[in-house]
Protein chains: 2
Amino acid sequence: MSQAHERPTLEAVARLAGVSRATVSRVVNGSPKVAEPIRSAVRRAVEELGYIPNAAARSLVTQRTDSIALVLPESASRVFSDDPFFPSIIHGVSQELDAADKQLVLMMTNTVAGYERVERYTTARHVDGVLFASTHGVDPLPGQLARLGVPVVVTGRPLGRSAVPYVDVDHVGGVRAAVRHLLETGHSRIATIAGPQDMVAGIDRLAGYRAELRGSDRRSIVAVGDFTRESGATAMRQLLEDDPLLDAVFVASDLMAHGAITTLRELGRRIPEDVAVVGFDDFDISRYTDPPLTTVRQPILELGRELARQLLRVIAGEEVPAAVVLPTELVVRASA
Amino acid sequence: MSQAHERPTLEAVARLAGVSRATVSRVVNGSPKVAEPIRSAVRRAVEELGYIPNAAARSLVTQRTDSIALVLPESASRVFSDDPFFPSIIHGVSQELDAADKQLVLMMTNTVAGYERVERYTTARHVDGVLFASTHGVDPLPGQLARLGVPVVVTGRPLGRSAVPYVDVDHVGGVRAAVRHLLETGHSRIATIAGPQDMVAGIDRLAGYRAELRGSDRRSIVAVGDFTRESGATAMRQLLEDDPLLDAVFVASDLMAHGAITTLRELGRRIPEDVAVVGFDDFDISRYTDPPLTTVRQPILELGRELARQLLRVIAGEEVPAAVVLPTELVVRASA
DNA sequence: TCTCATCCTGAAAGCGCTCTCACGTGCGGC
DNA sequence: GCCGCACGTGAGAGCGCTTTCAGGATGAGA
């Protein structure tokens with residue numbers, strides 16, 4: 001099938017250049033202690049043979065693999081088709097790793113077996129470090145790996161205590177700005193559709209809503225969804241049963257906000273005249289809903305990039321902060 | 001930082017089990033020619049030490065890496081946030097590779113430098129095979145790699161001739177079904193918003209439209225977009241200028257269809273009463289547009305899975321068909 | 001009882017690379 | 001003119017694994 005199975009080795013280059021393997025290795029790895037004429041002779045030989053170092057051999061001795069794993073949780077499977085969160089994370093991580101010339105190994109653990117594979121793979125040091133785009137519950141794996149000495153960084157403040165550095169966005173700040181906006185624009189009955197309360201994003205966003213409302217004399221009206229569009233639609237219905245006179249709703253995700261808008265439409269409420277709606281995420285689609293959605297933007301791409309950057313620092317042995325929190329920002333459009 | 005740098009080696013297991021390295025290796029790799037008592041003794045030692053084979057060392061001798069690369073083109077960068085195509089491909093590929101216990105190395109080449117990296121990386125046999133989710137133009141890299149003996153499979157019928165096996169969906173069949181539906185429901189002026197004509201998806205879908213219309217006495221009315229929402233909106237406007245009386249439009253992607261719907265709305269046309277709209281893709285969001293979009297479903301997840309399966313076959317040395325074409329299906333909703 | 005095939009097992013040779021040492025050179029300083 | 005010191009370079013020892021090959025047991029057949 002191929003004539004190229006015979007890839008040139010260091011040995012071959014060394015012979016052609018008339019030097020030793022050690023010298024070729026030095027040149028290839030940019031060691032400064034090789035005299036110029038020899039250096040260029042080696043370069044020429046490398047060029048001529050199209051020599052490319054064998055990664056396996058190199059890893060074997062250096063103990064580095066120059067690749068890092070990004071682990072996506074079980075739910076990614078479901079979430080993938082509709083929610084740009086994971087794609088954006090991947091994209092951000094990829095950008096940063098590309099720049100650092102590291103490989104991205106993607107692991108989706110949608111089964112128990114998968115979880116085990118991840119564990120095996122990562123503890124076996126097949127990668128230099130592990131990134132968790134973990135959003136759900138309390139995952140023991142990151143801490144476990146960290147304890148084994150594997151560099152680890154996760155997205156999202158871990159529930160429970162954890163010594164693993166994380167990168168997250170300022171959920172509370174963003175939500176407070178959103179609710180404040182609602183208050184300032186004269187709304188008095190402000191409800192919320194919260195996210196799942198086993199996820200930090202769900203918990204923190206609800207906390208932000210409560211915190212901001214506490215400063216006013218408004219009472220809180222809460223329904224809980226699971227970040228899907230359907231759950232948003234259902235929750236909205238429930239909210240309106242609880243308080244038919246509510247005039248605003250902060251929805252903890254754009255997808256749920258879309259669902260809520262659908263419900264509001266069906267029930268004949270005008271947006272924002274009858275009910276103002278604010279989402280959270282600022283997905284691309286939210287610009288195209290009717291009306292365009294006022295929402296809290298979280299920098300997901302940047303989250304991915306920062307995630308990768310932190311891990312690269314850990315791998316390099318630098319100190320990293322226990323937490324990096326990226327700012328969120330209220331984007332006012334027509335829905336509130 | 002860690003006490004675990006000392007991972008057990010074959011040697012350690014061998015000592016503990018009182019056998020040679022060779023025997024441990026055989027047990028670990030499931031060779032049948034090890035007597036039962038010894039086999040279980042080794043198993044116990046492996047268990048006790050938590051032994052995990054070192055991938056680099058193994059690769060070095062076996063010449064396999066058990067990982068495969070998925071290369072996403074430049075445009076992925078732009079496309080990622082809004083278009084579930086790539087995420088679904090990734091997801092499908094990942095599922096299949098997980099099952100085969102292979103690692104997925106993701107490479108996004110958004111720069112010329114990136115392209116070179118991909119080339120270096122893949123020709124260096126750091127992976128057992130390469131998948132291209134290539135959709136754009138004529139990419140020489142797949143063919144080049146194939147010629148070097150690297151197993152390669154691509155998505156989408158390659159433009160120009162190519163010896164590389166590919167997996168694609170039945171664009172023409174799906175489009176014809178869509179246009180036929182439009183004809184059968186009594187539409188007489190059926191326009192199309194085509195995709196970019198340097199992409200197979202764009203070309204084939206336009207061809208399908210033309211082919212089906214040729215059987216009727218209707219004339220074709222064509223505008224071209226680039227698969228983005230914005231371009232769909234613009235193209236729709238143009239189409240209406242060309243023929244204000246058109247009563248149906250087949251749009252070559254759901255995203256463009258959403259754009260087209262926006263335009264139709266703005267211009268006061270009712271859907272489907274005044275203008276029927278059919279899309280192509282069946283993205284999740286299309287179920288939630290107003291009205292829900294009639295569209296041609298292409299099985300993207302399955303495309304990814306099939307892609308991976310084909311590559312695994314190539315790697316295993318099996319014969320694979322030059323092309324696998326997956327069926328598409330018209331999904332009738334309210335917009336046509 | 002001897003031969004021979006059969007079945008396991010271990011010794012050892014690498015896979016391609018990095019990196020420590022030791023070993024020349026060539027030079028300045030005394 | 002000799003010593004010592006940089007400075008470069010090469011020899012060689014592995015990194016942890018697989019796999020060939022040879023050889024020791026074992027049991028069947030004669």
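Chain letters run A, B, ... following the sequence lines, proteins first and then strands; every chain starts at 1. In this text, all values refer to a predicted model and were calculated from it rather than measured experimentally. Values reported hereafter were calculated over all heavy atoms of this structure, with side chains retained and with hydrogens, waters and symmetry mates removed.
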Nearest heavy-atom pair of A:Pro53 and A:Val28: which atoms, and what distance?
CG-CG1, 4.0 Å
Mind listing the closest non-hydrogen atom pair of B:Ala133 and B:Thr155 along with its distance?
CA-OG1, 3.5 Å
Atom-pair distance ([atom1] on [X]; [atom2] on [N]), nearest Å:
X        : N      : atom1 : atom2 : value
A:Lys33  : C:dC21 : NZ    : P     : 13 Å
B:Asn54  : D:dG16 : CG    : P     : 7 Å
B:Gln63  : C:dG16 : CD    : P     : 6 Å
A:Arg7   : C:dC15 : CZ    : P     : 17 Å
A:Arg15  : D:dA11 : CZ    : P     : 14 Å
A:Arg64  : D:dC15 : CZ    : C1'   : 14 Å
B:His126 : C:dG16 : NE2   : P     : 13 Å
B:Glu11  : C:dG10 : CD    : C1'   : 12 Å

Is any NZ, NE, NH1 or NH2 atom of the basic residue among B:Arg309 and B:Glu302 found under 4.0 Å from an Asp or Glu carboxylate oxygen of the other?
yes
Salt bridge present between B:Arg39 and B:Glu36 (N-O < 4.0 angstrom)
yes
With no hydrogens and no angle check, is any side-chain donor or acceptor of A:Ser67 less than 3.5 Å from a backbone partner on A:Lys102?
no
Could you check A:Val71, A:Val105, A:Val153 and say which one makes a side chain to side chain contact (heavy atoms under 4.5 Å, CB included) with A:Val130?
A:Val71
Phosphate oxygens OP1/OP2 of D:dG10: is one of them under 4.0 Å from a side-chain N or O of A:Ser20?
yes
Side chains of A:Pro151 and A:Asp128: closer than 4.5 Å at any heavy-atom pair?
no
Atom pairs, N/O to N/O, protein against nucleotides 18-24 of chain D, distance under 3.5 Å?
{"unit_1": "D:dT18", "atom_1": "OP1", "unit_2": "B:Asn29", "atom_2": "OD1", "d": "3.3"}
{"unit_1": "D:dT18", "atom_1": "OP1", "unit_2": "B:Asn29", "atom_2": "ND2", "d": "2.9"}
{"unit_1": "D:dT18", "atom_1": "OP1", "unit_2": "B:Arg58", "atom_2": "NE", "d": "2.9"}
{"unit_1": "D:dT18", "atom_1": "OP1", "unit_2": "B:Arg58", "atom_2": "NH2", "d": "3.2"}
{"unit_1": "D:dT18", "atom_1": "OP2", "unit_2": "B:Ser25", "atom_2": "OG", "d": "2.6"}
{"unit_1": "D:dT18", "atom_1": "OP2", "unit_2": "B:Asn29", "atom_2": "ND2", "d": "3.4"}
{"unit_1": "D:dT18", "atom_1": "O4", "unit_2": "B:Arg21", "atom_2": "NH2", "d": "3.4"}

Please report the interatomic distance CG(A:Asn54) to CZ(A:Arg7), rounded to the nearest 0.5 Å.
10.0 Å
With a 4.0 Å heavy-atom cut-off, tell me which residues in residues 34-48 of chain A come close to DNA chain D, sorted by residue number.
A:Val34, A:Ala35, A:Ile38
Please enumerate all residues that pass side chain to side chain contact (heavy atoms under 4.5 Å, CB included) together with A:Pro142, with sequence neighbours excluded.
A:Phe132, A:Asp139, A:Val152, A:Val154, A:Val164
Contacts of B:Leu60 and B:Gly18 projected onto DNA chain C by closest heavy atom; the upstream (5') one is B:Gly18
